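Note that the structure is predicted; figures quoted are calculated from it, not measured. Below, chains carry the letters A, B, ... as their sequence lines are ordered, and counting in each starts from 1.
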There are 2 protein chains.
Amino acid sequence: MKIETDPKADLSAQIAKSIRDAIVNGDMIVDERLPSEAELSDQFDVSRSTVREALKRLAAQSLIRTQRGASGGAFVRRLSYEEAYGQHITTSTLLLSMNAVSFETACEARYALERACAPMACDRRTPDQLATMRAEIHRQSQPGLSDESFCASDVALHRALVDAAHNPVLSYQLAGAVEAMQPLMNMITFTARSREEIVGIHSRLTDAIEAQDAAKADHALHALEAYTLTLGRDVMAARAQKSGS
Amino acid sequence: MKIETDPKADLSAQIAKSIRDAIVNGDMIVDERLPSEAELSDQFDVSRSTVREALKRLAAQSLIRTQRGASGGAFVRRLSYEEAYGQHITTSTLLLSMNAVSFETACEARYALERACAPMACDRRTPDQLATMRAEIHRQSQPGLSDESFCASDVALHRALVDAAHNPVLSYQLAGAVEAMQPLMNMITFTARSREEIVGIHSRLTDAIEAQDAAKADHALHALEAYTLTLGRDVMAARAQKSGS
DNA sequence: TGCAAGGTAATTGTCCGACAATTAAAACAA
DNA sequence: TTGTTTTAATTGTCGGACAATTACCTTGCA
């Protein structure tokens, strides 16, 4: 295990990097045990505290898990889809909120990705996923629903669409794009009229998926993108006017 | 700043979580300074070592940066696209390598995503990006090129295609899918014949992007997916036969 | 006054030693 | 054999110490 001497980096960062490289390169396999903290501090010739800080960095990236007691230690962790989802969503959300991504850009990306998996969803959708989509549509029709709940239901529906493609890699990649949009979407106040419109398009979309009509699904997603964009622009315009007055 | 008492988690993990929540929820803005390690250890009533381990976890996720000296400390970090790319690619690569994702699944996801951005690339491609694609095609035609270099060039070409869509959110999401495929692709030995075939499709694809012909680009990507899949299946079959004999 | 040199204090980085908590395995007793 | 106790290894937490770095203040000088 080599240690690249980048003189400006912290020791714990250097050690974390060398261990991370070993894991990513496949030098260590899943569930393999790392040397104990004492052994690592000997190998790298640093104190145990420094080794611990390095290990905490790796734990934060879900690369290792630790276990106390005899025959405990740090083990290479199998990265599950669920954890990867979580990290991806957190990162995507922060990226959008910290970098002032325009509503248009995020919207365009989201619907482009969804259109990419619509044909596969048409092929492979299960009754289960159709039922989920119908249930969310029903929820969205409830009059007392808050804007936040409406958005959450929207995300759930689109998530079902993505999962219907039955491609875990695709689901993983798209989860970030769709869920990271939610804070942006939450800024929109949905009138009764706009909800009705959206529910209508959602129904057409679900019908298309059920009928396995990819062209129709694509059309519905285009309509949804256009309408969402209109709503978003209205909100932005209203906000700009307000702050300008 | 609240601390949820999850009794089974480490103290440093709990503290990291509470600070992370504060950042993600927007309670702390970019470049805002966190309390010093001494103050945090007072607030959370733990030792400084424990606070430091928590801060290292956050640093590993690029949520904070630290600075030494007077008026130094830990500051909320603006997550840049570049860092997010890096994290995303690392995570995606690990996810694929650790979970035995089939070549078919990864391939399908990759080309579905690329087809999603092809229409936008047709609209917005710049001469620069076309030149990059042409240059990579030229590289791929060199006879002495190693399989690894051929794959790297392949990734570079597709990366140019994605960037041509001029949507940073899309680029970010797709970078993981495309680059994480490279280790899988590297397993394939490309014969002179198959390279010729791939270069031909790449040329058709680039022509379509230049001519802004979305349908033709879509067709080329479908052809590329089908051919890549064939190559991958051959490799897997050969490998299976070898291990079986 | 203005400026430069040097000192000071605050803060993170690293090290050390100690003890608590946990857990698997070994040793032991019935 | 089976159940219990002891033991050893390992991570988790604490406290203190010092080094390294850096912004800020003080002091002396022109």
Undergrad: For the pair made of CD in B/E53 and C1' in C/dT12, what is the distance, rounded to whole Å?
TA: 15 Å
Undergrad: Would you indicate which nucleotide in D/dC14, C/dT14, D/dT13 comes nearest to any side-chain atom of B/S12?
TA: D/dT13
Undergrad: Write down the distance between CD (B/E37) and P (D/dC14), rounded to a whole number of angstrom.
TA: 14 Å
Undergrad: Using a 4.0 Å heavy-atom cut-off across all strands, classify B/R65 as base, sugar-phosphate, or nothing.
TA: nothing
Undergrad: Starting from P on D/dT11, measure out to CG on A/L58 and report it in whole angstrom.
TA: 14 Å
Undergrad: Can you check side chain to side chain contact (heavy atoms under 4.5 Å, CB included) on B/L157 and B/R139, steps first, answer last?
TA: CA-CA 10 Å; B/L157 183 145; B/R139 246 191 102 201; over 6 Å; no
Undergrad: When you check the gap from the basic side-chain N to the acidic O, do A/R65 and A/D31 get nearer than 4.0 Å?
TA: yes
Undergrad: To the side chain of B/A70, which of D/dT21, C/dC16, D/dT22 is closest?
TA: D/dT22
Undergrad: Checking A/N99 side chain against B/L79 main chain: does a donor-acceptor pair fall under 3.5 Å?
TA: yes
Undergrad: Which of these nucleotides, C/dA18, D/dA17, D/dA23, is closest to any side-chain atom of A/R48?
TA: C/dA18
Undergrad: Does a side-chain N or O from A/R52 land closer than 4.0 Å to OP1 or OP2 of D/dT11, or not?
TA: no
Undergrad: Using the six-membered ring wherever Trp is involved, compare the ring planes of A/Y172 and A/H88 and label them parallel, tilted or perpendicular (cut-offs 30° and 60°).
TA: tilted
Undergrad: Return the value, rounded to whole Å, for the distance between atom CZ of A/F75 and atom P of C/dA24.
TA: 10 Å
Undergrad: Mind calculating the distance between CZ (B/R33) and C1' (D/dT22) to the nearest angstrom?
TA: 13 Å
Undergrad: For the pair made of CG in A/L40 and C1' in D/dA9, what is the distance, rounded to whole Å?
TA: 15 Å
Undergrad: Between A/Q67 and B/R68, name the one whose nearest nucleotide on DNA chain C is closer to the 5' end.
TA: B/R68
Undergrad: Can a side chain N or O of A/S71 be found less than 4.0 Å away from OP1 or OP2 on D/dT10?
TA: no
Undergrad: Given C/dT14, C/dT11, C/dA24, identify the nucleotide with an atom nearest to the side chain of A/T50.
TA: C/dT14
Undergrad: Given atom CG of A/L55 and atom P of D/dG12, what is their separation to the nearest angstrom?
TA: 9 Å
Undergrad: Would you check if there is a donor-acceptor pair between the side chains of A/H158 and A/E136 at a distance under 3.5 Å?
TA: no
Undergrad: Just checking A/S49: base, sugar-phosphate only, or nothing, at a heavy-atom cut-off of under 4.0 Å?
TA: base
